[in-house]
Amino acid sequence: FVGITAGFFVNNYQESRRDQNLEQKYLESFRTNLAADSLEIQAHIQENQNNLNVSRRAVMAMRGSGLSKDSALAVMQLMATFNNFNMQDATYESIVNSGNLGLIGDYNLKEELVSYYRSRDDIDEVELVLNNYINDYIIPYLFDKIDLITGDMSDDFDPMSREFKNMTGGYYVLMDQKVDLILDLDSLNHALISNLAHHMH
């Protein structure tokens, strides 16, 4: 009986050690992914914030003295560009799909990880809506009103028309939502990196 009991405790100890080693490997991989994400997030903050600022100034001009055709052309060219996120989620997908999420012993850390990747999914959803908006409204309008070779505008182009104002306003609202989500993700990223450092052996 003593031998069986001792063997049981030895097996449990070995399994616990294996789980701890695997947890540390996951945590190290998460830290690598999050560091790469941080660089991606910073680049997107800068680019998307610029797009938001330009579209905001255009909307304010439309509410005030008006928007010149040259300014409208610059806004249209900016609105027709895509900038998609490329986040590092291989580790999260691996730990979830393998059923190993429970290996993360600290409950708060586990919740932060889940919240982080759900926030990333929220950005993907807004980005999908924004990209569809660009494809469905902005690019067709650009093709109709602008000669992309010479940059000449059609005679009927009016930067103060209801169509152009609504199109620009819609872009501004979607971009504002995207920037807010990116900034939130940036905060979560920094908090997670700091928290992971406390759990690394």
Side-chain angles (χ1 to χ4, degrees), residues 5-56 78-79 81-135 171-201:
T5 302
F8 176 76
F9 281 115
V10 168
N11 286 337
N12 280 350
Y13 173 77
Q14 290 174 337
E15 288 179 7
S16 176
R17 290 289 297 172
R18 282 195 295 269
D19 287 349
Q20 288 177 3
N21 289 337
L22 185 55
E23 179 190 20
Q24 288 299 307
K25 289 180 180 178
Y26 274 121
L27 295 183
E28 180 61 41
S29 188
F30 272 122
R31 186 167 66 175
T32 300
N33 287 171
L34 289 166
D37 282 354
S38 181
L39 297 176
E40 180 80 3
I41 290 169
Q42 295 307 313
H44 275 268
I45 287 176
Q46 183 175 354
E47 185 172 1
N48 287 275
Q49 187 69 61
N50 175 69
N51 290 8
L52 177 63
N53 291 340
V54 172
S55 58
R56 179 191 289 118
L78 176 145
M79 291 193 300
T81 59
F82 298 90
N83 43 55
N84 295 329
F85 254 58
N86 293 303
M87 306 291 286
Q88 303 295 317
D89 60 357
T91 302
Y92 184 73
E93 294 295 330
S94 173
I95 199 172
V96 169
N97 293 335
S98 64
N100 285 330
L101 189 58
L103 288 174
I104 308 298
D106 185 276
Y107 178 80
N108 290 330
L109 176 60
K110 184 162 50 181
E111 287 296 297
E112 283 185 36
L113 285 166
V114 172
S115 178
Y116 177 80
Y117 287 98
R118 283 181 178 169
S119 296
R120 191 282 316 272
D121 290 340
D122 291 340
I123 293 177
D124 286 346
E125 291 179 9
V126 171
E127 197 167 68
L128 178 62
V129 173
L130 177 59
N131 289 348
N132 287 338
Y133 187 81
I134 293 171
N135 276 322
Y171 175 87
Y172 166 70
V173 169
L174 289 171
M175 184 56 67
D176 188 45
Q177 292 176 7
K178 185 178 178 182
V179 168
D180 282 345
L181 289 173
I182 295 172
L183 292 173
D184 288 343
L185 189 69
D186 185 47
S187 296
L188 290 172
N189 178 275
H190 286 298
L192 254 179
I193 289 175
S194 177
N195 202 354
L196 280 170
H198 293 298
H199 290 81
M200 301 296 296
H201 292 170

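The structure presented is a predicted model; accordingly, all values stated were derived computationally and were not measured. Excluded from the calculations below are hydrogen atoms, water molecules and symmetry mates; all remaining heavy atoms, backbone and side chain alike, are included. The chain is numbered in sequence order, starting from 1.
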side-chain contact (heavy atoms from CB on, under 4.5 Å) for Glu112 and Leu188? Distances and angles first, verdict last. CA-CA 8 Å; Glu112 283 185 36; Leu188 290 172; over 6 Å; no
Verdict with supporting geometry, Ile95 and Leu113, side-chain contact (heavy atoms from CB on, under 4.5 Å): CA-CA 11 Å; Ile95 199 172; Leu113 285 166; over 6 Å; no
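- Between Leu174 and Gln177 there is a side-chain heavy-atom pair separated by less than 4.5 Å.
- Judged purely by atom type and a 3.5 angstrom limit, Thr81 uses its side chain to pair as donor or acceptor with the backbone of Leu78.
- Under the 3.5 Å distance criterion, the side-chain polar atoms of Asn189 are matched with a main-chain donor or acceptor of Leu34.
- When side chains are defined from C-beta on, Leu185 counts as touching Phe85, because their heavy atoms get closer than 4.5 Å.
- A donor-acceptor pair is defined here as one N or O able to donate and one able to accept, closer than 3.5 Å; such a pair exists between the side chain of Ser119 and the backbone of Ser115.
- Rounded to the nearest 0.5 Å, atoms CD (Glu127) and CG (Asn84) are 4.5 Å apart.
- Distance alone, capped at 3.5 Å, is enough to place a donor-acceptor pair between the Ser98 side chain and the Ser94 backbone.
- Of the options Leu52, Asn53, Val54, a side-chain contact (heavy atoms from CB on, under 4.5 Å) to Asn50 is made by Val54 and by none of the others.
- Considering only heavy atoms from C-beta on, Ile104 comes within 4.5 Å of Glu23 through its side chain.
- Remark: Met79 CE to Tyr133 OH distance equals 7.5 Å, nearest 0.5 Å.
- Here the closest non-hydrogen pair linking Lys110 and Leu101 is CD-O, 3.4 Å.
- Of the inter-residue distances, the one linking Leu183 atom CG with Ile41 atom CD1 reads 10.0 Å to the nearest 0.5 angstrom.
- Between atom OH of residue Tyr116 and atom CD1 of residue Ile193 there is a gap of 7.5 Å, rounded to the nearest 0.5 Å.
- Applying the side-chain hydrogen bond (donor to acceptor under 3.5 Å, both in side chains) test between His44 and each of Glu40, Gln46, Glu47 identifies Glu40 as the sole match.
- Within the model, atoms NZ of Lys178 and CD1 of Ile45 stand 12.0 Å from one another, a figure rounded to the nearest 0.5 Å.
- A donor-acceptor pair under 3.5 Å is absent between the side-chain atoms of Asn48 and the main chain of Val179, judged by distance alone.
- If you take CG on Asp186 and NE2 on His190, they are separated by 4.0 Å, rounding to the nearest 0.5 Å.
- Around the CZ atom of Phe82, the shell of radius 6.0 Å holds more than 12 heavy atoms that belong to other residues, nucleotides or ligands.
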Run the numbers on Gln24 and Leu27 for side-chain contact (heavy atoms from CB on, under 4.5 Å), then give the verdict. CA-CA 5 Å; Gln24 288 299 307; Leu27 295 183; 3.8 Å; yes
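- Arg118 and Asp122 are not joined by a salt bridge, as no carboxylate oxygen comes within less than 4.0 angstrom of a charged side-chain nitrogen.
- Under the 4.0 Å criterion applied to side-chain N and carboxylate O atoms, Glu28 and Arg31 are assigned as salt-bridge partners.
- Note: Tyr92 and Tyr117 have parallel aromatic rings, judged against thresholds of 30 and 60 degrees for the angle between ring planes.
- Of all non-hydrogen atoms in Asp106 and Asn108, the two that sit nearest each other are OD1-N, 3.1 Å.
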